[in-house]
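What follows is one structure encoded as structure tokens, with my remarks underneath.
Reckoned from all heavy atoms, side chains included, excluding hydrogens, waters and symmetry mates. Lettering of chains follows the sequences in order, A, B, ..., and the numbering in each one begins at 1.
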Amino acid sequence: MRELQAPKGVSEYFPPRSQYFEFVRETLINSAKISGYQLMELPVFEDTELFKRGVGESTDVVSKEMYTFEDRGGRSITLRPEGTAGVMRSVIEHNLDKLTLPIKVWYSGAYFRAERPQAGRYRQFYQVGIEAIGLNDPEIDFEVIAVADRAFKKLGLKAYRLDITSLGDAKSRASHRKDLVAYIATLDLDEATLQRAALNPLRLFDDKRPEIQSAMLKAPLLLDYLSEESKASFARVQELLNSAEIAFTINPRMVRGLDYYTGTTFEFVSEKLGAQSGIGGGGRYDGLMAELGGSDLSGIGFGLGVDRILMACEAEGVFDSSLNKSEIDLFLIALTSEEKAYVSNLLNDLRNNGISCDMGYGDRALKGAMKSADKSGARFSAVIGSDEIKSGIVALKDMKSGESKEVRIGALSNEFTTN
RNA sequence: GUGGUCGUAGCUCAGCUGGUAGAGCACUCGGUUGUGGUCCGAGAUGUCGCGGGUUCGAGCCCCGUCGAUCACCCCA
């Protein structure tokens, strides 16, 4: 073991892969921006109470996966395990709910869950999320799903599916729960499973053991208990998805891990990843804001897993030629150490003019410097020795064709401003 | 948190039934004086994850530990 290493289960991105990470994240963010969502930048740690009340104490996330510690003032602090609760807190705290509705925001950053790491599951991971607060319309449900889907399509992803369901309103859920609990009581289950069922009976639908799956086949489904209103709203969401040609599957057995979901709920699943295949998910949350002490506004949002989406992109090979290796236009080489200062100044001037460029040193091995130029991905290179400085003319070499042309050093920046 | 697999040069890995380590790629230098990507030649590189044990002797065996990975729980 090295003396210093990253804490267990964190993901890190460095060149060259970091450019793909950045590309994925920017693509996700852009999809939100073009739909009218605005940035919300929030703290990565919050009062522990926020997550207990917002996410729900019965959830695994809160009961056993939070990074919680006491700060120097004796306050209980938790590194955020998800994004929605923090957004609600901030909206309430700054009275944004008193402004024009809906509030539409996006956010991006690191989230923390103390789970056993696995491919695609990290203790610090990255999400891009959006929230649309203050409107309970099927149109906005559709919009939120479409923002995610558009981003995935823009990235070039194909092997993913969208599962949706509706958890209905409070009344629908209550009557379903009664019947479901009664049904589960007739099953012969082990202690651990019974305990899970007591916290949230819906979880049994998600159990991967075949005997549980078959036992749940005849269990009452929440979708059959939806009120007329919920049913109509869910139908409208489906119509909108259909006309937008966004393929989806209704999955009445889908269960989300956070307690606050109500109404339309959805999940994007990649077919190219292993067990951790959920690349994004979200849904409507009716009571959350009131629960946290704000106005009784409904909202809907999603969280997209940047790490997993990046892995899905790699698995589908969408990056082949879609990205440039570098953002550098020009690579300058000082032939010997004599010219270093001159080239350094020239480089600085070019950069002041907005031209992306870098330099290398020839010293003894010009070959090595040319290799650096090649690896930098720069479109052009130019070697500068005493002759060039004297004449004021350099041979600007096109690295792709290998051809070069003479250019006055003073006019170098004009070569690039045109593109 | 539970269980399985794995941990050898920067990367991907080989190393037979225990005798103190290799390959490919990458890297550095060179193939006549100042031009990369192909080719040829030469070279550097490892406390074999870490700690302990068994043994005359361990990269290969045993225990622990750290990490990765796969699955479960759960989820992005």
Side-chain angles (χ1 to χ4, degrees), chain A residues 1-11 14 16 24 28 55 59-65 80-84 108-129 148 192-193 195-196 199-200 203 206-209 212 254-258 267-270 273-282 302-312 325 331-336 338-339 360 362-378 380-388 394-404:
Chain A
M1 180 175 74
R2 306 207 180 177
E3 226 181 312
L4 253 24
Q5 59 182 341
K8 185 187 179 102
V10 300
S11 60
F14 41 85
V24 168
L28 301 177
V55 179
T59 61
D60 277 31
V61 169
V62 170
S63 63
K64 57 179 200 190
E65 294 170 1
R80 61 184 182 192
E82 60 95 53
T84 305
S108 162
Y111 295 82
F112 307 85
R113 266 129 80 165
E115 300 178 273
R116 181 91 165 243
Q118 190 174 330
R121 190 172 67 190
Y122 305 102
R123 292 185 165 187
Q124 170 172 332
F125 57 97
Y126 297 88
Q127 280 193 358
V128 169
T193 310
Q195 276 184 11
R196 285 210 298 138
L199 284 173
N200 184 353
R203 294 234 186 277
D206 208 28
D207 202 304
K208 281 168 190 157
R209 288 170 295 180
I212 305 289
M254 183 175 82
V255 184
R256 305 272 314 147
L258 311 180
E267 231 167 50
F268 286 92
V269 179
S270 168
L273 300 181
Q276 312 307 323
S277 56
I279 53 176
F302 65 56
L304 306 180
V306 184
D307 311 83
R308 289 184 187 173
I309 294 166
L310 171 59
M311 289 193 294
K325 278 208 162 164
F331 196 92
L332 295 176
I333 295 167
L335 186 59
T336 74
E338 300 290 305
E339 294 86 23
D363 286 353
R364 284 278 162 73
L366 179 60
K367 184 172 182 171
M370 283 305 293
K371 272 190 163 182
S372 309
D374 189 36
K375 256 173 235 137
S376 80
F380 293 95
S381 71
V383 174
I384 295 179
S386 53
D387 293 353
E388 283 78 6
V394 290
L396 187 64
K397 179 170 182 174
D398 184 319
M399 294 301 278
K400 278 205 184 97
S401 67
E403 287 164 16
S404 49

[atom1] atom, [N] versus [M]: distance in rounded Å?
N	M	atom1	answer
B/A71	B/G15	P	26 Å
B/U45	B/C39	P	25 Å
B/C50	B/C11	C1'	22 Å
B/C73	B/C16	P	38 Å
B/U5	B/A9	P	23 Å
B/A23	B/G43	P	11 Å
B/G24	B/G19	P	24 Å
B/C56	B/G18	C1'	12 Å

Exercise for the section: With sequence neighbours excluded, tell me which residues meet side chain to side chain donor-acceptor pair (under 3.5 Å) with A/Glu82. Expected result: A/Tyr260
Problem - Residues forming a side chain to side chain donor-acceptor pair (under 3.5 Å) with A/Thr193, sequence neighbours excluded - result: A/Asp190, A/Arg209
Listed pairs, N/O of protein and of nucleotides 26-28 of chain B, under 3.5 Å:
from: B/C27; atom 1: OP1; to: A/Lys375; atom 2: NZ; distance (Å): 2.5

Exercise for the section: Tell me whether A/Phe125 is stacked on the nucleobase of B/A76, counting only the six-membered base ring and applying the 5.5 Å and 30° thresholds. Expected result: yes
In the strands shown, is [N] matched to any nucleotide by a Watson-Crick or G-U wobble pair with both distances under 3.5 Å, and which?
N	answer
B/G30	B/C40
B/G3	B/C70
B/C11	B/G24
B/U65	B/G49
B/U17	none

Hey, does the side chain of [X] reach the backbone of [Y] with a donor-acceptor pair shorter than 3.5 angstrom?
X	Y	answer
A/Arg308	A/Gly278	yes
A/Arg80	A/Ala110	yes
A/Asp307	A/Tyr126	yes
A/Glu339	A/Ser386	yes
A/Ser63	A/Thr59	yes

Rounding to a whole Å, what distance do you find between [X]:[atom1] and [N]:[atom2]?
X	N	atom1	atom2	result
A/Arg121	B/A68	CZ	P	12 Å
A/Glu388	B/U35	CD	P	12 Å
A/Lys8	B/U65	NZ	P	11 Å
A/Glu82	B/A76	CD	P	9 Å
A/Arg123	B/G67	CZ	P	8 Å
A/Gln276	B/A71	CD	C1'	9 Å
A/Lys400	B/U38	NZ	C1'	19 Å
A/Asp387	B/U35	CG	C1'	14 Å

Handout entry: Exercise: identify the closest heavy-atom pair between A/Arg123 and A/Lys8
Key = CD-O, 3.3 Å
Identify which nucleotide among [options] has an atom closest to any side-chain atom of [X], counting heavy atoms from C-beta outward.
X	options	answer
A/Lys64	B/C66, B/A76, B/C73	B/C73
A/Leu335	B/G36, B/G34, B/C73	B/G34
A/Lys367	B/A68, B/C73, B/G31	B/G31
A/Arg256	B/G36, B/A76, B/A68	B/A76
A/Leu366	B/U2, B/U35, B/A76	B/U35

Mind checking if [X] touches a base, just sugar-phosphate, or nothing, with heavy atoms under 4.0 Å?
X	result
A/Gly402	base
A/Asp307	nothing
A/Leu304	nothing
A/Tyr122	base
A/Ala119	sugar-phosphate

Less than 3.5 Å between a donor and an acceptor, one on the side chain of [X] and one on the base of [N], is that the case here?
X	N	value
A/Glu115	B/A76	yes
A/Glu65	B/G1	no
A/Asp374	B/G37	no

Practice task
Ignoring backbone atoms, establish whether A/Arg116 has a side-chain N or O less than 4.0 Å from OP1 or OP2 of B/A71.
Solution key: no
Practice task
Ignoring backbone atoms, establish whether A/Gln118 has a side-chain N or O less than 4.0 Å from OP1 or OP2 of B/A71.
Solution key: yes
Exercise for the section: Decide, yes or no, whether a salt bridge links A/Glu267 with A/Arg256 under the criterion of side-chain N to carboxylate O below 4.0 Å. Expected result: yes
Handout entry: Separation of A/Lys397 NZ from A/Phe331 CZ (nearest 0.5 Å)
Key = 13.5 Å
Problem - Within-4.5 Å side-chain heavy-atom neighbours: A/Ser404 and A/Phe380 - result: no
Completion exercise
Contacts of A/Lys397 and A/Ala275 projected onto RNA chain B by closest heavy atom; the upstream (5') one is A/Lys397
Handout entry: Residue mapping more 5' on RNA chain B - nearest nucleotide basis, A/Gly120 or A/Val383
Key = A/Val383
